[in-house]
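Let me begin by presenting the structure, written as structure tokens, before commenting on it.
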Amino acid sequence: MKRVFSGIQPTGNIHIGNYLGALKQFVELQDNSDCIYCIVDLHSITVPQDPKKLRESIRNVAALYLAVGVDPKKSTVFVQSDVPGHSELSWILTCCSYTGELSRMTQFKQKSKEKESAPTGLFMYPVLMAADILLYDTQIVPVGDDQKQHIELTRDLAVRINGKYGKDTLVVPEGKYMKSGARIMALDEPTNKMSKSAENEFSRISLLDPPNKIKKAIMRATTDSDGEVRFDVENKPGISNLLSIYSVFSGISIEQLEKKYQGSGYGDFKKDLVEVVVDALAPIQQKYNDVMESGELDKILKEGAEKAGAIAQKTLRRVKENFGLGL
Ligand code: ATP
Ligand code: LTN
């Protein structure tokens with residue numbers, strides 16, 4: 001079975017972009033792969049976090065993993081900072097990375113805004129992500145489109161290290177992206193990706209949003225003025241984004257949707273979309289409440305960390321051996 005690894009930051013507000021780009025793949029892969037899913041709390045402290053809120057958010061993301069269908073009997077679910085190997089391998093990889101390649105990372109450039117006071121953690125973020133992946137001899141990494149550059153860096157680091165320290169030092173992974181849903185755009189500004197951290201809460205639909213909030217976000221979503229429900233990302237980014245969301249949640253193709261709403265204007269289309277999204281999220285919200293009430297979460301995460309920790313130890317032993325580190 002192929003080894004799969006992915007992670008989501010516990011920064012709150014997991015939205016339908018995270019779900020359609022990443023989480024949905026987590027669930028699909030777990031029947032025929034050996035999946036490890038992580039809550040990457042060390043990544044989230046690259047920007048300041050409130051300790052109490054962070055701890056809450058970690059449990060919130062873990063519960064959402066289970067709520068969307070990640071099954072702890074099939075997959076390993078754990079919190080990154082519970083396995084010390086992530087930080088350890090991260091240092092070894094740091095010493096094999098170049099400041100030039102890290103400076104070119106789009107996410108770093110966007111988030112640091114070239115400020116002197118940009119946190120060093122933001123700069124090192126992709127190396128820690130590479131460590132997460134390489135620590136488990138991962139072959140497949142299901143992620144959204146925006147992570148492509150980080151996956152490429154991970155591959156470059158693995159190939160570079162294998163060239164210098166022996167070809168069996170690290171497994172070179174591959175990214176896996178959804179055909180549709182890999183990049184859901186913000187509802188208010190459909191040329192930006194939907195984001196957890198955007199200020200306007202109506203720019204996204206979070207998985208735990210109540211129906212009236214979902215309705216407001218969709219009815220307010222930015223569209224164009226020609227009134228035609230047609231998929232055309234270049235000229236009609238707003239409607240195209242809503243069509244993608246409608247299509248992946250309902251399973252109806254975009255062409256069929258275009259036909260269905262021919263001549264009917266945006267109002268009806270949006271009203272139906274509200275219903276589709278509310279219906280799709282209702283069972284997830286129900287399961288989330290069940291998981292939170294069950295009191296099983298801590299046990300699942302503890303067992304997950306033990307399982308992940310054992311795999312991590314094996315990889316680290318091999319890497320350190322090849323680097324000549326330790327006794
Ligand atoms: P933010 O949305 O605040 O920028 P993020 O991108 O850091 O947060 P993560 O929690 O790190 O979000 O991402 C989790 C997963 O969701 C990643 O695989 C990422 O590629 C995916 N993802 C994030 N935003 C979108 C989006 N708008 N469309 C599709 N996938 C997305
Ligand atoms: N950088 C990712 C989150 C992340 C991740 C990982 C994803 C951290 N480590 C390892 C896949 C594999 C993001 O989506 N912002």
Side-chain angles (χ1 to χ4, degrees), residues 3-26 29 35-47 49 54 57-58 60-62 64-65 68 78-81 83 86-87 89-90 93 105-108 110-111 121-122 124-136 138-155 157-158 173-201 203-207 237 241 244-245 248 308 312:
R3 171 66 48 74
V4 169
F5 181 95
S6 194
I8 294 188
Q9 299 188 71
T11 39
N13 295 322
I14 298 278
H15 51 70
I16 57 170
N18 300 130
Y19 176 62
L20 300 175
L23 273 169
K24 211 161 157 250
Q25 302 197 70
F26 291 13
L29 283 163
C35 299
I36 305 179
Y37 298 128
C38 185
I39 296 116
V40 289
D41 57 347
L42 293 171
H43 277 93
S44 68
I45 60 164
T46 49
V47 294
Q49 300 289 339
L54 177 59
S57 206
I58 291 172
N60 172 290
V61 174
L64 274 173
Y65 276 4
V68 300
F78 76 106
V79 181
Q80 185 186 32
S81 66
V83 175
H86 292 254
S87 308
L89 184 60
S90 184
L93 298 183
M105 294 291 123
T106 313
Q107 183 177 299
F108 170 69
Q110 278 170 354
K111 295 201 174 175
L122 272 186
M124 301 312 304
Y125 180 111
V127 180
L128 179 60
M129 175 164 166
D132 299 341
I133 296 167
L134 300 174
L135 191 55
Y136 298 98
T138 303
Q139 290 156 293
I140 297 173
V141 190
V143 276
D145 247 6
D146 60 310
Q147 295 301 310
K148 261 188 190 157
Q149 206 185 19
H150 292 160
I151 302 288
E152 282 313 306
L153 176 83
T154 305
R155 289 168 56 85
L157 284 172
E174 265 172 51
K176 189 169 184 301
Y177 311 94
M178 285 304 231
K179 282 201 188 72
S180 42
R183 188 176 290 249
I184 298 296
M185 308 312 280
L187 298 180
D188 57 342
E189 271 178 64
T191 44
N192 296 342
K193 78 165 187 133
M194 186 176 285
S195 157
K196 283 192 264 164
S197 39
E199 220 160 278
N200 179 4
E201 60 166 328
S203 68
R204 63 182 159 259
I205 297 170
S206 298
L207 295 188
N241 188 39
S244 297
I245 295 170
V248 275

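Indexing begins at 1, ligand by ligand and atom by atom, following the structure's order. Computed from a prediction, not measured in an experiment: that's the story for all the values here.
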Counting distance only, does the side-chain N/O of [X] pair as donor-acceptor with the main-chain N or O of [Y] below 3.5 Å?
X	Y	value
Asn192	Ala186	no
Gln139	Arg3	yes
Arg204	Ile16	no
Lys111	Val47	no
Ser6	Val143	no
Thr138	Ile133	yes
Ser44	Asp41	yes

Return a yes/no value for [X]: is any of its N or O atoms, backbone included, closer than 3.5 angstrom to an N or O of ligand 1?
X	value
Gln147	no
Lys111	no
Pro142	no
Gly17	yes
Gly144	yes
Ser6	no
Ala22	no

Just jot down the ligand 2 atoms closer than 4.0 angstrom to any heavy atom of [X], in number order.
X	result
Val143	7 (C), 11 (C)
Val141	11 (C), 12 (C)
Val40	8 (C), 9 (N)
Phe5	10 (C), 12 (C)
Gln9	15 (N)

Of the protein's non-hydrogen atoms, which lies at the shortest distance from [atom], and what is that distance?
atom	result
atom 16 (O) of ligand 1	Asn18 ND2, 3.1 Å
atom 19 (C) of ligand 1	Asp146 OD1, 3.4 Å
atom 7 (O) of ligand 1	Gln9 NE2, 2.8 Å
atom 28 (N) of ligand 1	Ile184 N, 2.8 Å

Notebook entry, point to check: Is Arg183 touching ligand 1 with its side chain, its backbone, both, or neither, if touching means heavy atoms under 4.0 Å apart?
Noted result: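 For Arg183, only backbone atoms sit under 4.0 Å from ligand 1.
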Within the 4.0 Å heavy-atom cut-off, what Ala182 brings close to ligand 1 is backbone
Point-to-point distance, once rounded to the nearest 0.5 Å, from OH of Tyr65 to CZ of Phe26: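 It comes to 4.5 Å.
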Provide the number and element of each atom of ligand 1 under 4.0 Å from a heavy atom of [X].
X	result
Gly21	29 (C), 30 (N)
Val143	18 (O)
Ser197	3 (O)

Can you find an N/O atom of [X] closer than 3.5 Å to an N/O atom of ligand 2?
X	result
Asp132	yes
His150	no
Tyr125	yes

Counting heavy atoms under 4.0 Å, the part of Ile8 that contacts ligand 2 is neither
Ranking Asp146, Asn18, Ile133, Ile39 by closest non-hydrogen atom to atom 12 (C) of ligand 2, top hit is Ile133
Heavy-atom proximity to atom 6 (O) of ligand 1 ranks first, among Lys193, Gln25, Lys196, for Lys193
Determine whether any heavy atom of Leu20 lies closer than 4.0 Å to an atom of ligand 1. no
Next item on the list: May I ask whether His15 places a heavy atom under 4.0 Å from ligand 1?
Entry: yes
Short side-chain donor-acceptor distance under 3.5 Å, Gln149 and Thr106 |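 A donor-acceptor contact under 3.5 Å links the two side chains.
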Gln80 and Asp132: side chain donor to acceptor below 3.5 Å = yes
Item to complete: Would you please classify the geometry between the His86 ring and the Phe78 ring as parallel, tilted or perpendicular, with 30° and 60° separating the classes?
Response: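 Judged by the thresholds at 30° and 60°, the geometry between Phe78 and His86 is tilted.
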